[in-house]
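Before any comments, here is the structure.
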There are 2 protein chains.
Amino acid sequence: MRDLANALGIEAASIYSHIRSKEEILQRVCFRMADEFFGAIEAVKDNDANATEQLKRAISAHVQVLTRNTEASAVFLQEWRHLSEPYHTEFLALRDRYENYFREIIRQGIASGEFQVPDEKFAVLTILSGLNWIHTWYKPDGKMKPAEIAENLSAMLLNGLKTNLN
Amino acid sequence: MRDLANALGIEAASIYSHIRSKEEILQRVCFRMADEFFGAIEAVKDNDANATEQLKRAISAHVQVLTRNTEASAVFLQEWRHLSEPYHTEFLALRDRYENYFREIIRQGIASGEFQVPDEKFAVLTILSGLNWIHTWYKPDGKMKPAEIAENLSAMLLNGLKTNLN
DNA sequence: TTAATTTGCTAACGAACGTTAGGTTGTTTA
DNA sequence: TAAACAACCTAACGTTCGTTAGCAAATTAA
């Protein structure tokens with residue numbers, strides 16, 4: 001709280017005019033970021049598109065949220081485990097729901113023959129790992145723009161590293 | 001320190017017969033895990049193998065270390081940023097060195113025509129994201145064994161999700 | 001213009017934290 | 001068998017932490 005107050009240019013005690021507790025800050029960051037992610041992925045949801053296109057859109061939506069909110073993303077991804085109950089359990093439920101968006105896309109891809117994955121849950125976790133690792137290295141003034149990141153990640157996850165001989 | 005002491009069944013003050021400081025525990029975990037990773041990847045290094053085979057081996061080696069040391073891995077991956085100087089800088093240098101192993105494999109794959117990636121650094125970061133996310137969900141008594149995890153991750157990263165029409 | 005509200009201040013506070021010091025007990029070594 | 005050493009204990013300690021209380025100043029609303 002003293003570090004935060006220093007960054008804000010006020011005293012730590014003054015922060016309590018605006019919030020109830022330190023825990024409330026964490027709750028707000030985590031649940032607001034969750035809302036951002038859900039909002040973004042709902043916005044690109046198109047059941048008429050094929051699974052490949054849907055995955056690309058979902059990846060792009062996720063990348064946009066991460067790269068628009070780099071600091072909140074870091075807090076969201078690294079500090080959620082410090083949430084106290086019942087928020088901790090609520091948060092995990094939201095995470096499961098969000099993972100299900102991706103899971104459903106994978107299922108559709110398998111059903112339509114577009115995708116071939118040995119384990120769909122594993123595939124989702126790996127997709128999300130690639131997405132949620134971005135915050136560890138992404139810099140707004142870095143070489144790669146968010147759209148390029150989404151494109152590269154989609155290409156890598158869909159096509160793999162191996163040169164396609166077609 | 002009190003939580004750790006509780007888990008050990010001794011008093012917190014007693015821990016100081018065995019270590020110098022809390023920071024030393026973090027240093028030991030981080031640098032020993034780094035040694036484990038380096039040792040494992042050196043052991044599978046085979047410059048005569050093609051890039052695909054080398055990547056598979058590197059992935060497998062990494063997964064073995066992670067899954068053999070689930071708690072230390074969690075500390076290593078989540079708490080290294082709390083290292084104080086000069087250990088923090090040392091640690092980043094080790095991380096860079098480790099990433100270079102993978103980067104070299106990717107370069108070889110591009111040079112030999114086996115791989116087609118738009119950005120090699122991005123490719124390495126994505127590979128490592130898939131690897132280092134494992135600790136968030138892996139359970140020793142879980143459905144998927146370490147060898148299967150390595151296999152699935154290799155397949156997914158090399159071949160991608162898309163069904164190969166060959 | 002005055003009252004109400006908001007925002008920030010100082011000065012704590014109780015709790016938690018990492019760690020030290022001195023002593024006791026148990027183990028090992030000579 | 002006694003001395004040396006290791007490991008653990010209790011009892012702190014100074015520091016850091018999140019937060020409260022009371023007050024002043026600034027801002028907003030009536």
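Since we're looking at a predicted model, the values are computed, not measured. Lettering follows sequence order; numbering is per chain, from 1. These numbers come from the heavy atoms of this one structure, side chains and all, not from hydrogens, waters or symmetry mates.
Between B:F91 and B:F76, the ring center distance clears the sub-6.0 Å criterion.
The CG-C1' distance, from A:L8 to C:dC9, rounds to 15 Å in whole Å. C:dC17 atom P lies 11 Å from atom CG of B:N6, rounded to whole Å. Separating the CD atom of A:E24 from the P atom of D:dT19 is a distance of 10 Å, rounded to the nearest angstrom. Rounded to whole angstrom, the span from the OH atom of A:Y16 across to the P atom of D:dC17 amounts to 12 Å. Atom P of nucleotide C:dT20 and atom CD1 of B:I15 are separated by 13 Å, given to the nearest angstrom. In this entry the distance linking CE of A:M1 with C1' of C:dG8 reads 14 Å, nearest Å.
Ring planes of A:H62 and A:Y98: tilted class, angle from 30 to 60°.
Each of A:R20 and A:D3 has a nearest nucleotide on DNA chain D; the 5'-most of these lies closest to A:D3.
With sequence neighbours excluded, no residue forms a salt bridge (Lys or Arg N to Asp or Glu O under 4.0 Å) with B:D35. For B:Y87, there are no ring-ring contact (aromatic ring centres under 6.0 Å, His included) partners at least two apart in sequence or on another chain.
Proximity of A:N152 to A:M144: side-chain heavy atoms (C-beta onward) are separated by under 4.5 Å at one or more points.
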Produce the list of close N/O pairs, under 3.5 Å, pairing protein atoms with atoms of nucleotides 8-14 of chain D; give distances to one decimal.
unit_1: D:dC8; atom_1: OP2; unit_2: B:H18; atom_2: NE2; d: 2.4
unit_1: D:dC9; atom_1: OP2; unit_2: B:E11; atom_2: N; d: 2.6
unit_1: D:dC9; atom_1: OP2; unit_2: B:S14; atom_2: OG; d: 2.6
unit_1: D:dT10; atom_1: OP2; unit_2: B:E11; atom_2: OE2; d: 3.2

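Using a 3.5 Å distance cut-off with no hydrogens or angles, the side chains of A:S21 and A:E23 do not pair a donor with an acceptor.
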